[in-house]
> 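Attaching a single structure in structure tokens format; questions to follow.
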Amino acid sequence: LQELVAYWQSAYDWRGAERKLNAFPQFLTNIDGLDIHFIHVRSRHENALPLIMTHGWPGSVFELLDVIAPLTDPTAHGGKVEDAFHLVIPSIPGFGFSQKPTSTGWDAQRIAMAWDRLMKRLGYNRYVSQGGDWGAIISDALARQAPEGLLGIHVNRIERATTFPANAAQALKTGGPAPDSLSAEERKVFDEARDFLNSGFGYASILSTRPETVGYGLADSPVGLAAWLYDKIADWVFTRGNPEQTLSRDDILDNITLYWLTNTGPSSGRIYWENLKAGAKLTAAKVPVAVTVFPGEVYRPPRNWLSKAYPQLVY
């Protein structure tokens, strides 16, 4: 952290980050009383499929910039014309350049409804949704709402709440042993989930119950904010504990600096509190769902758990 902060103070160039963002068309639109920031890049291929992609925490639109060119112009990146997407990348309310909610109720369900309105407002009456982390939770909410025109979703870094078997979830909650019904593969996932809850979940417990207690401390100290965000970045990248082997210092600091300049350390944590208050909506997903589980993720559900959670699992 000391090395990262020293680089931040002496060599980091925020103007370079501005140039990265400003290379793409960005907009604000008011939905349900909040200004929503989004990047919108149309493919040169007219029959491209509209796609809304959502970031997570402690992330931002910065984490998705490198996929814009391959998704909107696949033929220039070894893909086919039919792989092309018209791309919409919004900032979650309370994150980045989206407005901070001043009233309660902005949980994943409400954000999903706002995303549907955004896509329809842009003229996309048929579209798909993709996301990881909070982006996965919001995409999952869309799949369960199944608004007219949503063709399907793809998620990565999915959350336990939507896919963990009920008996295993209860055992985790109470501290009981793994259910006897679990296979060896399932027991391994259960044990990894318990380890994460015991050693890596403190941030979520705080944000789910007292987000602004820690949040306003983050608003007072750039190094405090950097430590809070960098800890999770370091824990969640594939090269666990060594994030600079996966991301450059500039990549990491682009994201942290955006949180600092927009003072979204406090407001970004509110989504955890909102979602705990709202509770999980576990009606069946009504559209096709594709899931990618990467090797370095903290939760790697087996396919049979995903099939139960998503009746139309296609990948």
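Keep in mind that the numbers below use all heavy atoms, side chains included, and drop hydrogens, waters and symmetry copies.
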> Give me the atom names and distance for the closest heavy-atom approach of S267 to G94.
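So the two residues come closest at OG-O, 2.8 Å.
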> Is there side-chain contact between D140 and Y310, with heavy atoms separated by less than 4.5 Å?
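Touching, per the 4.5 Å side-chain cut-off.
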> Determine the minimum heavy-atom distance between V41 and P25, stating which atoms define it.
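Heavy atoms of V41 and P25 come nearest at CG2-CD, 3.9 Å.
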> Could you walk me through whether T257 and W8 pass side-chain hydrogen bond (donor to acceptor under 3.5 Å, both in side chains), step by step?
CA-CA 9 Å; T257 308; W8 198 13; 3.0 Å; yes
> Inspect the surroundings of CG in N30 and state if more than 12 heavy atoms from other residues, nucleotides or ligands are less than 6.0 Å away.
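For N30, atom CG is crowded (more than 12 foreign heavy atoms under 6.0 Å).
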> Counting neighbours of CZ on F97 that are heavy atoms of other residues, nucleotides or ligands and sit closer than 6.0 Å, is the number greater than 12?
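Check fails, neighbour count at 12 or below.
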> Ignoring hydrogens and angles, tell me if any N or O in the side chain of Q130 forms a donor-acceptor pair with the backbone of L51 under 3.5 Å.
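No; zero donor-acceptor contacts below 3.5 Å.
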> Examine distances only and state if a side-chain atom of T264 and a backbone atom of F95 form a donor-acceptor pair shorter than 3.5 Å.
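No; zero donor-acceptor contacts below 3.5 Å.
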> Is the side chain of K286 donor-acceptor paired with the backbone N or O of R144 at a distance under 3.5 Å, no angle test?
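Answer holds: yes.
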> Would you mind reporting whether M113 and D32 have side-chain heavy atoms less than 4.5 Å apart?
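A side-chain contact under 4.5 Å is absent here.
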> For this output row, return yes or no: ring centroids of W57 and Y272 closer than 6.0 angstrom.
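Yes, close enough.
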> Between H154 and S139, is a side-chain hydrogen bond (donor to acceptor under 3.5 Å, both in side chains) present by the stated rule, with each step listed?
CA-CA 8 Å; H154 174 272; S139 294; over 6 Å; no
> Kindly determine whether W106 and I92 satisfy side-chain contact (heavy atoms from CB on, under 4.5 Å), including the steps that lead there.
CA-CA 10 Å; W106 279 95; I92 296 171; over 6 Å; no
> Can you confirm whether N22 is buried at CG, in the sense that more than 12 heavy atoms of other residues, nucleotides or ligands lie under 6.0 Å from that atom?
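Yes.
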> At what distance, to the nearest 0.5 angstrom, does CD1 of I68 lie from CZ of F85?
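One gets 14.0 Å once the value is rounded to the nearest 0.5 Å.
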> Mind checking whether W14 and L253 have side chains closer than 4.5 Å, heavy atoms only?
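Answer no - side chains too far apart.
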> Can L28 be reached from L64 by stepping across I, L, V, M, F, W or Y side chains whose heavy atoms are under 4.5 Å apart?
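No, L64 and L28 fall in different hydrophobic clusters.
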> Side chains of D133 and E159: closer than 4.5 Å at any heavy-atom pair?
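The answer is yes; the side chains approach within 4.5 Å.
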> Grouping I, L, V, M, F, W and Y whenever their side-chain heavy atoms are under 4.5 Å apart, do L313 and L151 come out in a common cluster?
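Result: yes, single cluster for both.
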> Any carboxylate oxygen within less than 4.0 angstrom of a Lys/Arg side-chain nitrogen, looking at E185 and K188?
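Looking at K188 together with E185, the answer is no, because their closest N to O distance does not fall below 4.0 Å.
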> As an exercise, state the distance from CZ of R187 to CZ of R194, rounded to the nearest 0.5 Å.
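If I round to the nearest 0.5 Å, the distance is 10.0 Å.
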> I'd like to know if the side chain of S98 reaches the main chain of H37, judged simply by a donor and an acceptor atom lying under 3.5 Å from each other, with no hydrogens or angles considered.
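Present.
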> With salt bridge (Lys or Arg N to Asp or Glu O under 4.0 Å) as the test, pick out the partner of K20 among D254, D66, D250.
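Of the listed residues D254, D66, D250, the salt bridge (Lys or Arg N to Asp or Glu O under 4.0 Å) partner of K20 is D254.
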> Do the side chains of E212 and R270 get nearer than 4.5 Å, heavy atoms only?
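Yes, close enough: below the 4.5 Å cut-off.
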> Which atom pair, heavy atoms only, marks the closest approach of F190 to G176?
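Minimum heavy-atom contact is CZ-O, 4.2 Å.
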> Determine, stepwise, if the pair L218 / W260 fulfils side-chain contact (heavy atoms from CB on, under 4.5 Å).
CA-CA 9 Å; L218 304 179; W260 178 253; over 6 Å; no
> If the threshold is 4.0 Å, N to carboxylate O, is there a salt bridge linking K120 and D116?
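Answer for the salt bridge query: yes.
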> Centroid separation under 6.0 Å, is that true for the rings of Y203 and W228?
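No: the rings miss the under 6.0 Å criterion.
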> Less than 4.5 Å apart, side chain to side chain, heavy atoms only: is that true for F38 and I52?
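Side chain of F38 against side chain of I52, heavy atoms only: no contact under 4.5 Å found.
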> Evaluate whether atom CD of E3 has more than 12 neighbouring non-hydrogen atoms of other residues, nucleotides or ligands under 6.0 angstrom away.
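Open.
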> How far apart are the C-alpha atoms of Y259 and I256, what are their side-chain angles, what is the distance that settles it, and do they pass the side-chain contact (heavy atoms from CB on, under 4.5 Å) test?
CA-CA 5 Å; Y259 274 77; I256 292 174; 5.6 Å; no
> Check whether Y216 and V214 end up in the same hydrophobic cluster, where Ile, Leu, Val, Met, Phe, Trp and Tyr are linked by side-chain heavy atoms less than 4.5 Å apart.
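Y216 does not cluster with V214.
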> Would a 4.5 Å heavy-atom cut-off, applied to side chains only, mark W115 and I31 as touching?
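When only atoms from C-beta onward are counted, I31 and W115 do not touch, as no gap falls below 4.5 Å.
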> Do V5 and I233 share a hydrophobic cluster (ILVMFWY, side-chain heavy atoms under 4.5 Å, transitive)?
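Cluster IDs for V5 and I233 match.
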> Using modelled atom types and a 3.5 Å cut-off, is there a donor and acceptor pairing between side-chain atoms of R300 and backbone atoms of V293?
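Judged by distance alone, no pair lies under 3.5 Å.
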> Please report the shortest heavy-atom distance between A193 and L172, naming the atom on each side.
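That closest heavy-atom pairing would be CB-CD1, 3.9 Å.
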> Assess whether side-chain contact (heavy atoms from CB on, under 4.5 Å) is satisfied between T75 and H45, documenting all intermediate values.
CA-CA 10 Å; T75 56; H45 303 294; 3.4 Å; yes
> So, T72 side chain and S43 main chain: donor-acceptor pair closer than 3.5 Å or not?
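No; zero donor-acceptor contacts below 3.5 Å.
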> Looking at every heavy atom in both S91 and I36, which two are closest together, and how far apart are they?
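The pair with the smallest heavy-atom distance is O-CG2, 4.1 Å.
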> Nearest 0.5 Å, please: how far is NZ in K232 from CG in D235?
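The NZ atom of K232 is 4.5 Å from CG of D235, to the nearest 0.5 Å.
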> Taking Q312 for its side chain and V289 for its backbone only, find out whether a donor-acceptor pair lies under 3.5 Å.
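Side chain of Q312 to backbone of V289: no pair is present.
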> Tell me, do M53 and V61 make a side-chain contact under 4.5 Å, heavy atoms counted?
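When only atoms from C-beta onward are counted, V61 and M53 do not touch, as no gap falls below 4.5 Å.
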> Any chance you could measure N125, atom CG, to E148, atom CD, to the nearest 0.5 Å?
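Here the interatomic distance stands at 8.0 Å.
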> Taking all non-hydrogen atoms of both residues, which atom of N263 and which atom of A219 are closest, and how far apart?
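The pair with the smallest heavy-atom distance is OD1-CB, 3.3 Å.
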> Checking side-chain hydrogen bond (donor to acceptor under 3.5 Å, both in side chains) for the pair T292/N156: CA distance, chi angles, key distance, verdict?
CA-CA 5 Å; T292 297; N156 62 281; over 6 Å; no
> Can you check whether K277's main-chain N or O pairs, donor with acceptor, with D107's side chain at less than 3.5 Å?
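It does not hold such a pair.
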> If two hydrophobic side chains count as joined below 4.5 Å and joins carry through other members, does L34 share a cluster with W273?
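No, L34 and W273 fall in different hydrophobic clusters.
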> Out of curiosity, D191 CG to F196 CZ, how far, rounded to the nearest 0.5 Å?
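These two atoms lie 15.5 Å from each other.
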> Find the distance between CD1 (I137) and CZ (R157) and round it off to the nearest 0.5 Å.
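Rounded to the nearest 0.5 Å, the CD1-CZ separation comes out at 8.5 Å.
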